[in-house]
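Data first, discussion second: the structure below is written as structure tokens.
Each residue takes its place number in the sequence, starting with 1. These figures come from a predicted structure and were not determined experimentally.
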Amino acid sequence: MTAFLIVLTLVVATAGLLRWRRPAWYWLVFGVTFAVLRVLVRYVSVMDACGLTVPPSRWRLALARITNRPVPESRVPRILRVRPTRTGLVLRLKLRPGQDAFDVSAASDRLRHSFGMYGVTSRELRSGVVEVRMTGYDVLKRVQMPATADTKPMRVPVALREDGSVHYRDYRAVPHGLTLGATESGKSVYQRNLVAGLAAQDVALVGIDCKQGVELFPLARRFSALADNPDTALELLEALVTHMEDVYQLIRAQQRISVNVPDAQIAADIWDLPADMRPVPVVVLVDEVAELALFATKDQEKRRDRIVTALVRLAQLGRASGIYLEICGQRFGSELGKGITMLRAQLTGRTAHRVNDESSANMAFGDIAPDAVLAAIQIPTDTPGIAVTGDSSGGWARIRAPHTSLRQAVNICNKHADRTPDLPALEPFRPMVAPLPSARVPLSKTASATA
């Protein structure tokens, strides 16, 4: 008996220590078992208390009266599958006739309290089937990305969602994006994760950093073109417009439109071209877009108008030619001048870190997901990296990118420097960098001393 008490005490102490210091380990060792038992034991009563039941059908009531049996109970959604994950549980429910996916979504907070979970979100998979994702702990407090991710061309993992799933930046699905965030909000770390993810792919990176290049120029080995001031940025953007037009001419020459050619062989963008003829896709990262839109003189105003016009043209026409925009800034509003709201309308993906005013959050989500505006302005200052992301579908979620130092990002870019493509149109803007130092180690003390 004494030995059993000692072992029990050690197990409880270990569980408490893991829950405090390593919540992910606690969940995998202890929490997932307790959570599955709670869900299965409390399921019927919780669904009834949350109003997620439907009365018995008429034929069941009639059958009960004919057979003189008790009135059947209300029916709850049927559990199709319970799947434990590294961060929580995933329930797949089959709704009863008369129920709607919105009913489950509206009861998410009540389900969270009833099942004793940290968070509950739901989404409709298909008609009548809803997936409920439950998290057992705060996954955004200490972000740990999965060891393996479902990466594809032009699709990279950049952050972790509050439901424990991976947030991907998919340029094929969402060509252009807008990222907002105040100083020390985690916007730069998000950008580094994006560059680090794209560095390992066959893509040309183009950077515009008007903060004299302090953010992007350390990553120069992986960039095909860089600009650190508005004048160079204008020339670079106009060169990209020319490159875009050349790509369209290539696509048009390879369309081979004829009554004898099947539709599947007609090209409409670079991804329809043969792999040996396909131009390399280009991702344009603009840091501090407000620096491109501000002006103090007439000449600067003319430069600003040409810059905004080039950005709008790339946003409107660049997708089919393989040019994708990633616009970043602390502030993005109509006070930046004409053309800014037109540019915003083309930026489908929206990500907002902590912002200093509500109008900035409104510029990010006011036209696509008004509910996300309140979530964006409630991000606390002591949690850098927390952001709200959404797109034109109206859905939104809280995410957090893992902390990536500038040194780590530089090492990744240096590792994949051989993937940097040479684009003739952007050759004048190619950053000049010294070759990487040799990693050879001296074979003897004498060689080291003479060196």
Side-chain angles (χ1 to χ4, degrees), residues 154 171 175-176 191 194-195 198-199 201-251 253 270 277-295 297 299-329 339 343 409-410 413-414 416-436:
M154 304 306 298
Y171 287 96
H176 311 302
Q191 191 179 62
L194 189 59
V195 173
L198 291 171
Q201 299 199 12
D202 295 325
V203 58
L205 298 178
V206 174
I208 297 176
D209 182 5
C210 290
K211 293 190 298 185
Q212 299 300 313
V214 296
E215 292 287 349
L216 297 181
F217 270 73
L219 315 173
R221 296 187 188 278
R222 187 56 185 84
F223 276 76
S224 298
L226 281 171
D228 61 354
N229 60 79
D231 292 325
T232 309
L234 172 60
E235 298 175 2
L236 175 56
L237 289 173
E238 291 182 341
L240 282 170
V241 172
T242 303
H243 172 72
M244 177 184 67
E245 295 172 349
D246 294 339
V247 173
Y248 276 125
Q249 290 297 324
L250 173 63
I251 295 173
I270 67 169
M277 301 183 61
R278 183 182 305 150
V280 62
V282 179
V283 176
V284 183
L285 296 102
V286 180
D287 191 30
E288 297 302 341
V289 65
E291 288 297 319
L292 299 177
L294 296 176
F295 62 90
T297 64
D299 292 338
Q300 292 179 357
E301 183 181 7
K302 294 178 181 178
R303 181 192 64 194
R304 177 253 176 221
D305 291 342
R306 292 173 62 187
I307 288 176
V308 174
T309 300
L311 286 173
V312 172
R313 292 190 65 191
L314 291 173
Q316 289 179 340
L317 307 174
R319 194 274 312 167
S321 64
I323 298 179
Y324 308 98
L325 297 182
E326 196 71 35
I327 308 295
C328 303
L343 175 61
V410 169
C413 289
N414 290 344
H416 300 286
D418 58 320
R419 289 180 173 270
T420 306
D422 295 323
L423 299 179
L426 305 181
E427 187 61 32
F429 310 96
R430 182 72 178 264
M432 302 298 296
V433 293
L436 288 170

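- Scanning both residues, L285 and Q191, for their nearest heavy atoms gives CD2-CG, 4.0 Å.
- Expressed to the nearest 0.5 Å, how far CD1 of I323 lies from OH of Y171 amounts to 13.5 Å.
- In this structure a side-chain-to-backbone donor-acceptor pair under 3.5 Å is present from R222 to A199.
- Applying the salt bridge (Lys or Arg N to Asp or Glu O under 4.0 Å) definition to pairs two or more places apart or across chains, those involving residues 417-430 are D202-R419, D422-R430.
- When every heavy atom of T420 is checked against every heavy atom of S224, the shortest pair comes out as CG2-OG, 3.6 Å.
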### Residues V283, M154; criterion side chain to side chain contact (heavy atoms under 4.5 Å, CB included); working and verdict
CA-CA 9 Å; V283 176; M154 304 306 298; 3.8 Å; yes

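- With values rounded to the nearest 0.5 angstrom, E301 atom CD is found 10.0 Å from D299 atom CG.
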### Message
Using the rule given for salt bridge (charged side-chain N to carboxylate O under 4.0 Å, His left out), can you reason through E291 versus K211, listing the C-alpha separation, both sets of side-chain angles and the distance that settles it, and then say yes or no?
### Response
CA-CA 8 Å; E291 288 297 319; K211 293 190 298 185; over 6 Å; no

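- Note: C328 SG to L216 CG = 8.5 Å, rounded to the nearest 0.5 Å.
- Evaluation of the side-chain hydrogen bond (donor to acceptor under 3.5 Å, both in side chains) rule for T232 yields N229 as partners, not counting sequence neighbours.
- Side-chain atoms of F223 and V195, non-hydrogen and from C-beta on, do get closer than 4.5 Å to each other.
- Contact of the L426 side chain with the L240 side chain is registered, since non-hydrogen atoms from C-beta on lie closer than 4.5 Å.
- For the residue pair L294 and R303, the shortest heavy atom distance occurs at O-NH2, 4.3 Å.
- In this structure, the side chains of L226 and D209 stay at 4.5 Å or more apart for every pair of heavy atoms.
- Note: R278 CZ to L250 CG = 11.5 Å, rounded to the nearest 0.5 Å.
- Atoms CD and CZ, from E235 and R306 in turn, are 8.5 Å apart once rounded to the nearest 0.5 Å.
- With contacts defined as side-chain heavy-atom distances shorter than 4.5 Å, the pair L219/L205 does not qualify.
- The minimum heavy-atom distance between P421 and V203, with the atom names listed, is CD-O, 3.8 Å.
- Shortest non-hydrogen contact noted between I251 and I270 is CD1-N, 3.8 Å.
- The two residues V247 and P279 come nearest to each other via the heavy atoms CG1-CG, 4.1 Å.
- Side-chain atoms of C210 and E288, non-hydrogen and from C-beta on, never get closer than 4.5 Å to each other.
- Judged by distance alone, the side chain of H243 and the main-chain N or O of A425 form no donor-acceptor pair under 3.5 Å.
- Heavy atoms of other residues, nucleotides or ligands lying less than 6.0 angstrom from CZ of R304 number more than 12.
- The closest donor-acceptor contact from the side chain of Y248 to the backbone of L317 lies under 3.5 Å.
- Atom CD of Q316 is separated from atom CG of L343 by 9.0 Å, given to the nearest 0.5 angstrom.
- Between L237 and I208 the shortest side-chain heavy-atom distance falls below 4.5 Å.
- In this structure, T242 and D246 have side chains that are in contact, with non-hydrogen atoms separated by less than 4.5 Å.
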